[in-house]
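Here is the structure we will look at, set down as structure tokens.
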2 protein chains.
Amino acid sequence: MMSTAQRKSPRGSAPTLPTAERHAEAFEHIRSAHQTETAEDYVEMIADLIDAHGEARLVDIAGRFGVSHPTAKKIIDRLQREGLVTSRPYRSIFLTDKGRSLAEYCKRRHQVVLAFLKALGVSDRNAEIDAEGIEHHVSKETLEAFAAFVTRESGSGQS
Amino acid sequence: MMSTAQRKSPRGSAPTLPTAERHAEAFEHIRSAHQTETAEDYVEMIADLIDAHGEARLVDIAGRFGVSHPTAKKIIDRLQREGLVTSRPYRSIFLTDKGRSLAEYCKRRHQVVLAFLKALGVSDRNAEIDAEGIEHHVSKETLEAFAAFVTRESGSGQS
DNA sequence: TGTCAAGTGTAGCAACGGCTACATTCATTG
DNA sequence: CAATGAATGTAGCCGTTGCTACACTTGACA
């Protein structure tokens, strides 16, 4: 028992591994990203709906995300608390300036990621699915690298 | 008011948009991916710890993720329910065969994504952060495209 | 104008992943 | 062998995102 590992602390556990902190940092980053993912998706969707139909109704938002309307309602309420949308009882939902600029950033980012995956040779279907997941985890630097690749590829190579 | 949009249903809302289902499908995919993300991260971490110290203690797992030990405990319990790990009171945590193979797949996938981002020119720091987030949303096809790109780039180009 | 269905609101439940506070076990060490 | 502190277990709280069931508004149309 106890075997292979060298120990220091009285009851086992690692000798205050230096790697731990670096890892924890990355995962903390991920957790906070998760909190904003939903907001980004909803804001972008609301912008799309307003674009398409002139307004964003709760039922449409829920339908597009494939969730029940109370679920969508709760999220809209949160977005309102955060100052991204405005919502009055039985009325459609609107974006604030803050919400609108977030939506525009997300839309652009989404398009870059999607175009990038397609340029890499991924099928349209998988590119669309993966882009939805990947876009929220792309740093500014990575996004720029994606954009540069798309430009490079479409500019020269792949006939 | 009501303005720009053409309406059909009695109370507004979109005319059963055909786009809705396609979108909902992608988001459903994302939600299910989120459910497995944590499991993947933990299983991979446990494998790393066993590799490094011969065993995986709860306190080390919690430390590496930067969460409290009860949080890690709950997740370990869930992994055990799902048959990915074994855990006995006051003992260290082990992977089942299922857990081990999942960990190996995740580790390989992580390495491909990380190498890919670096090959694209992303800095080490951002590549590591982004890889943690991106890896869970990469389909088999996209992963292969990433791997192919890494091979291609390291094989010929960038001296 | 009254009816009625669609849309919206609200209540309450579950699972997940955070946390703190406190109880328990275990292994080292005196 | 007993004590002590680290590791683990447990209880209970919160917020988020799911859900169903039921109540209420609204707007279109007979």
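We name chains A, B, ... by the order of the sequence lines, and we start the count at 1 in each one. What's counted below: heavy atoms across the whole structure, side chains too, no hydrogens, waters or symmetry copies.
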Whole angstrom value for the distance that separates P of D/dT16 from CD of B/E37: 19 Å
Using a cut-off of less than 4.0 Å, is there contact between a side-chain N or O of A/T71 and OP1 or OP2 of D/dT17? no
Does either side chain, that of A/E132 or that of B/H29, offer a donor lying less than 3.5 Å from an acceptor on the other one? no
Within this structure, what is the CZ-to-P distance between B/R31 and C/dC16, rounded to whole angstrom? 16 Å
Are any of the side-chain nitrogens in A/E44 or A/R109 under 4.0 Å away from the carboxylate oxygens of its partner? no
Check the distance between D/dA7's P and B/H53's NE2 and give it to me in whole angstrom. 13 Å
Ignoring backbone atoms, test whether B/S68 places a side-chain nitrogen or oxygen under 4.0 Å from the OP1 or OP2 oxygen of C/dC19. yes
Every protein N/O within reach of nucleotides 9-11 of chain D N/O, cut-off under 3.5 Å:
from, atom 1, to, atom 2, distance (Å)
D/dG9, OP1, B/Y90, N, 3.4
D/dG9, N7, B/H69, NE2, 3.1
D/dG9, O6, B/H69, NE2, 3.2

Send over the distance from B/L49 CG to D/dA7 P, rounded to a whole Å. 14 Å
C/dC16 phosphate, OP1 or OP2: any side-chain N/O from B/T38 under 4.0 angstrom? no
Just N and O in the side chain of A/R81: are any of them under 4.0 Å from OP1 or OP2 of D/dT16? yes
What integer distance in Å separates A/Q35:CD from C/dC19:C1'? 13 Å
Let me see the working for A/H34 and B/E37 under side-chain hydrogen bond (donor to acceptor under 3.5 Å, both in side chains), right down to the final yes or no. CA-CA 11 Å; A/H34 276 177; B/E37 264 182 61; 3.2 Å; yes
In terms of side-chain geometry, is the basic nitrogen of B/D77 or B/K73 positioned less than 4.0 Å from the acidic oxygen of its partner? yes
Please work out which of the three classes, parallel, tilted or perpendicular, describes the rings of A/F146 and A/F116, given edges at 30° and 60°. parallel
Check the distance between D/dT16's C1' and B/H34's NE2 and give it to me in whole angstrom. 13 Å
Whole-Å distance separating the CG atom of B/D60 from the P atom of D/dA6: 14 Å
salt_bridge(A/E153, A/K118) N-O dist < 4.0 Å: no
Rounded off to whole Å, could you give me the CZ-to-C1' distance for the A/R78 and D/dT17 pair? 9 Å
Which pair of non-hydrogen atoms, one from B/V67 and one from B/A72, has the smallest distance, and what is that distance? CG2-N, 4.2 Å
